[in-house]
Amino acid sequence: KFGACDSIRALIQRTWILTDDKGTVLTHVQNIQIMPFSTNHVRFPEDVTYDDPINCTEVAETKKQIEAGEIDPKSPIHPNQTGAPNIFGIKLDLNGGLCLYSMRYDDEVYEICEGSFEILRTWKIRNTCDESNKPIEFVQSIIVTDNEAPSFLSCIPDQKVSTEAHSCDFNGFLPIPTPDMLGESCGHYSFDAYVTGGGYLTITGNILNGTLKVQAHEFDKGVHEVTYILKDNCYNISLCKFNVIVTDKTAPIASAKEF
């Protein structure tokens, strides 16, 4: 019988029996020694880098939940997906057995920009038979990025409007994107707009709370290209372009002048 921390943890005796057609029997006992766990054999998971980062839209956990260890086993940031320590390609788990080790990891979240962050996952593994009580440590970096702009799923169609009776210009509100026209975003984003072809725009309200208003001013007859811009806090940008076509459809107004 072997002790829990002996240099040999267990011995398997495998008996091989060979019999030929004349009834001759040969036996051989093979001894298989189970060696103790060694931290020298541990290999840690690779980093998740900018070359192949995790998309923030796939991560449901908040930063607080990540640091508290409240990560869904199916999440792309869980060790089931990002990797765990192993020995000879065999994943270490906490099922016990003859390999007497203890293991834990802790996550720290570092902000990059809104929607993008880095997880520094510190792995600690200790041989419980090691009298020094010193675990080995390794820091794994996991990059989660918001590299996709808040998107326009569809754009505003071209608008045909008429000049006003007394100004020969168009002055009025333009349509704004509805929620079904916008894609998902990992964080907040802002709205801006500009026009080419004459005139100018004023913007009031906020696209996130439904109060956004875009008003055109001094659009004379002709084609005016309006560009709507969505920009998040990681400087990802999406554009929506449409034309405002101004024609004169107002009836002439008669006026009389006294002499």
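Owing to the predicted nature of the structure, the values given are computational and were not obtained by experimental measurement.
Listed by first and then second residue, the salt bridge (Lys or Arg N to Asp or Glu O under 4.0 Å) pairs involving residues 57-70 are Lys63-Glu111 (not counting sequence neighbours). For residues 33-61, every residue pair satisfying the ring pair (Phe, Tyr, Trp, His ring centres under 6.0 Å) rule, not counting sequence neighbours, is listed here: Phe37-Tyr101, His41-Phe88, Phe44-Phe138. Note on residues 15-70: pairs passing disulfide bond (SG atoms under 2.5 Å apart), not counting sequence neighbours, are Cys56-Cys186.
Side-chain atoms of Gln81 and Ser75 include no donor-acceptor pair closer than 3.5 Å. In the model, Asn80 has a side-chain atom that pairs as donor or acceptor with a side-chain atom of Lys91 under 3.5 Å. A donor-acceptor contact under 3.5 angstrom links the side chains of Arg121 and Thr82, judged on distance only. Counting only N and O atoms by type, the side chains of Thr178 and Asp180 include a donor and acceptor under 3.5 Å apart.
Residues passing the side-chain hydrogen bond (donor to acceptor under 3.5 Å, both in side chains) test with Ser238: none are found, sequence neighbours excluded.
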Side-chain donor-acceptor pairs of residues 9-19 under 3.5 Å, sequence neighbours excluded:
{"from": "Arg9", "atom 1": "NE", "to": "Ala4", "atom 2": "O", "distance (Å)": "3.1"}
{"from": "Arg9", "atom 1": "NE", "to": "Asp6", "atom 2": "O", "distance (Å)": "3.0"}
{"from": "Arg9", "atom 1": "NH1", "to": "Leu98", "atom 2": "O", "distance (Å)": "3.1"}
{"from": "Gln13", "atom 1": "NE2", "to": "Asn31", "atom 2": "OD1", "distance (Å)": "3.3"}
{"from": "Trp16", "atom 1": "NE1", "to": "Gln30", "atom 2": "OE1", "distance (Å)": "3.0"}

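In the hydrophobic clustering of ILVMFWY residues, with side-chain heavy atoms under 4.5 Å counting as a link, Leu92 and Val139 come out apart. Transitive grouping of hydrophobic side chains (ILVMFWY, heavy atoms separated by less than 4.5 Å) brings Val226 and Leu182 into a common cluster. Leu239 and Ile207 fall into different hydrophobic clusters, where Ile, Leu, Val, Met, Phe, Trp and Tyr side chains are chained together by heavy-atom contacts under 4.5 Å. Both Val195 and Phe242 belong to a common hydrophobic cluster when Ile, Leu, Val, Met, Phe, Trp and Tyr are linked at side-chain heavy-atom distances under 4.5 angstrom.
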*List the steps, then state whether side-chain contact (heavy atoms from CB on, under 4.5 Å) holds for Ile77 with Ile71.*
CA-CA 8 Å; Ile77 61 173; Ile71 302 176; 3.9 Å; yes

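The structure places CG of Leu201 at 10.5 Å from NE2 of His224, a figure rounded to the nearest 0.5 Å.
A salt bridge does not link Lys160 with Asp158: none of the charged nitrogens is closer than 4.0 Å to a carboxylate oxygen.
Clustering of Ile, Leu, Val, Met, Phe, Trp and Tyr side chains at separations under 4.5 Å places Ile245 together with Val223.
Here the two rings, on Tyr110 and Phe117, have centers that are 6.0 Å apart or farther.
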